[in-house]
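Working notes for the structure below.
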Amino acid sequence: MKSILIDGNSLIYRTFYAIREMSNSKGVPTNAIYGFVNILVKIQEEYQPDYLGIAFDLKAPTFRHLAYDDYKGGRHKMPELLEEQFAILKQLLIKMDIPILELAGFEADDIIGTLAMIGAEKGYQTEIITGDRDAFQLVGPNVKVLYTKKGISQLEAVDEAWIQQEYGLTPKDLIELKALMGDKSDNIPGIAGIGEKTGIKLIQKYQTLDNLYAHIDDEKGKQKEKLIAGKEAAYKSRMLGTIKLDVPWDGDFKELSFHNIFNAESIEMLKELEFKNILSRIDQTDTVETIEKAVGFQWIKTDQELAELLAVLAATEEVTIYYHQEETGVYLAMEIENRYYYLNAQVVEKLKFFEKLLSLKNVTTLEITSQDLKNLIHIFHQAGITEVNEAFDTYVATYLLSPGDQRYDLKTAAYKYLSRTILDDEEMFGKGKKRVKASELDEQLLADYFVKNCETVKSLKTVLEKELDETGMMSLFKTIEMPLLEVMASMEELGFKIDRSQLEVLSGDFESKLKGLTREIYELAETDEFNINSPKQLGEVLFEKLKLPVVKKTKTGYSTNIDVLEQLIHFHPIVEKIIDYRTLSKLDSTYGRGLMTFVEPKTNKIYSTFNQTVAATGRLSSSAPNLQNIPVKTEMGREIRRVFVPSDADHILVDADYSQIELRVLAHLSGDENLIDAFKKEQDIHTRTASEIFGVPLEAVSRTQRGQAKAINFGLIYGKQAFSLGKELGISRNEAQNYIDRYFARYPKVQDYMGNVKKQAKEDGYVTSIWGRRRYIPEMNSRNGILVQAGERMALNTPIQGSAADIIKLAMIRVYNRLNVEQLEAELILQVHDELIIDTPKNEQEQVERLIKEEMEGAAQLSVPITVDVNSGASWYELK
DNA sequence: CGTCTACTCT
DNA sequence: CATGAGAGTAGACGT
């Protein structure tokens, strides 16, 4: 057995002086605690003792003080910065459930000495962590001291051999030595005029004080006089400097049993202290299972048990579900009225759980809480349950509360909001090649896992609800984000019909053109074949072989992006071919061959995934494949849109897009009368802007002027600066600044608004959309000016982009519901930020065109009108 | 398997 | 000092 005893006072002094000042964001000093905790982490990770105890001195006087008034006299008072941390450390140790050893009348040393002796008798190996050399006297066959050397970065292992080498003495000799030489720090006098060197010599010769004075006549001269004069002081010093080995400790080593120091409470406190380093380390060690509350549950295995569960479900309004879907089926843990139930995939299948659920009369009104409800909706839909009451998705709620985070999975959320470390599916089942099926794992383990995670979802909901209320986002969550789940699930399930043969033709066309271009490029380069797709190889050909001027470099070599190539176009005919090659290569790899791999052969449809928890501004994103970036700008790219067709010959695509939604939002947010006026009169906004800043009548605005105004309008939304605006327009930075100044002169409230947003972002640390969607921007208070500027641009753009996202999300819900209410067959199948596409039976076209315009335009009431343009056609290409 | 570069959209 | 917001994907390349 191994035990570790720590001299808490000594260690915290050491860490306090060894680590530079630090504090958390609330100004609480933390350096000493930080160092202390680091050592505890090291103990847990490396030493893994069976017992651990930390001893502290009490303020009350000890037997030494009673014997000697000046004991430890002359010591400075504990610095305030340390005193504050001392108290916090003790609280932390209590939360870590580490025994704090204190005893009135004794010092930490004495407690440690006594415990070390008790341990030694039991045959334990004991290690004492301290920065006080006094403890060396305790060293023995079973006792070592880990001495904090060089601050705290190293622990020197001090054993008998080490002491012999360092002093030429045994550990016990050190007591006698100290009696002679004293200890300045404890104000132990020793004998005046005897220091370390003489002391060591004397002890080597006589071993003990008694022996020394028995042979005092062997000494002579001044030294003898000093020894005789100091006899009383020496014995007193020995008493003071001898660590007691028999303090009255009535405890048991069992109380010192070491266990994981990271539990919900201690982790919470580490978070408050903002020890991110330490928290990330323990996160990775992943040894922690902190759900201490054992969750009892009922394992549903028989028809009878399932019938009972269904009866419970029929009598409730709320249910929390943790689910896991794989090829073999769906595993479920459920919480109903604080009782837990578990069904494995085999039971779900065999007992026909979902079929029975379908016939439950309250199935459509059950308020369901889960992590990732959109996928659960898919599962329900597959089972024929078409109406689902999505009450609370912990995944979306977690995203909403802090949409700039990287991940919102249950593990991350449980850690952040509950200070719990749980297992997630990835850890439970592995990923990639190592993925295993649930049925391959231990049944009991599996059941336990599902129930625990279900309990976590339930607990998480309580915390997230409170947070949503406190941040004013509950209404956004309830009226937009939750109802939207079903709309997105529906879009995912419906998919977008593809004209496969046309896509094949298109892709073949791209590929044959690419072949020709490849040959031409090799000829023009006068080279052997090289990989044109490799920026590295292309750079070598352009800038080394053909010696074209280097325009720009990347971190790793020559830049060959489109800006660079366009500047080189007149230097060599190869450049134009490369631009064409790039364009075609992108079109084929991503949209030709690329899309082909996503076409489901059975239905000839593409099924994209829509993600609600990715974009920090509140937008949706689309992936696998991304249908929100299908080419449109160039004619060749736009051809791709011909393959996106209605679901059958009796259908037509109806498309509706918001006109200038972001600038309208800006007009609303800023309240600028001039900008509002432009929209109220439904003028062409870029022409109007040009008229304002160039001081010409609307009719006299030239194409160039309109183009420049358009660039300014868009630039504004993104916080663009004069430098790049000038670059874009091919004018000087000064001229560009002049345009921006004139813009703000004509739209003064836009300028005010932007100033206010930045100010607010700096003060609050976040910005909000019209519906209260919040985004934290920590960059605003960075010390790095570049980051602050980037933060300002986010602060400017997010309320605009975010409000536009709110509006179209509301519109999606309205359109979806209206189509249902009017019992139309038309279906919403795609959203592209400001655009909705509806697959519509031809006989519903007029009705749908009218309805979609109404619902989109009526989604929000701003201080400017919102207008929607509607188009219909036989392919996405025709919707312009 | 992760990072980099380049390119597509609103 | 860098210089336009928000996304996703393919291919190359290095580990």
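Each chain gets a letter, A, B and so on, in the order its sequence line appears, and its residues count up from 1.
- Residue contacts shown for A/A804 are absent, as no nucleic acid heavy atom lies under 4.0 Å away.
- Between A/Y408 and A/Y395, the angle of the ring planes goes over 60°, which puts this pair in the perpendicular group of the 30/60° scheme.
- Across all strands, A/A616 comes closer than 4.0 Å only to sugar-phosphate atoms, never to a base (heavy-atom distances).
- Comparing A/T798 and A/S589 along DNA chain C, the residue whose closest nucleotide (by nearest heavy atom) sits nearer the 5' end is A/T798.
- Salt-bridge annotation for A/E511 and A/K515: absent, with no side-chain N of the basic residue lying under 4.0 Å from a carboxylate O of the acidic one.
- Judged by distance alone, the side chains of A/Q801 and A/E662 never bring a donor and an acceptor atom under 3.5 Å apart.
- Heavy atoms of other residues, nucleotides or ligands lying less than 6.0 angstrom from CZ of A/R407 number 12 at most.
- If you check every strand for non-hydrogen atoms under 4.0 Å, A/I800 touches nothing.
- Using bins of under 30°, 30° to 60° and over 60° for the plane-to-plane angle, the ring pair A/F543/A/Y558 lands in the tilted bin.
- Within the nucleic acid shown, A/N531 comes within 4.0 Å of sugar-phosphate atoms alone, with no base atom in reach, counting heavy atoms only.
- Protein chain A contacts DNA chain B over a range whose 5' and 3' limits, counting nucleotides with an atom under 4.0 angstrom from a non-hydrogen atom, are B/dC4 to B/dT10.
- The separation of B/dT5 from C/dA2, taken at their P atoms, amounts to 15 Å, rounded to a whole angstrom.
- The CD atom of A/Q628 sits 10 Å away from the C1' atom of C/dG6 (whole-angstrom rounding).
- Residue contacts for A/R619: at a heavy-atom cut-off of 4.0 Å it reaches a base atom on one of the strands shown.
- Judged by distance alone, the side chains of A/S622 and A/S608 do bring a donor and an acceptor atom under 3.5 Å apart.
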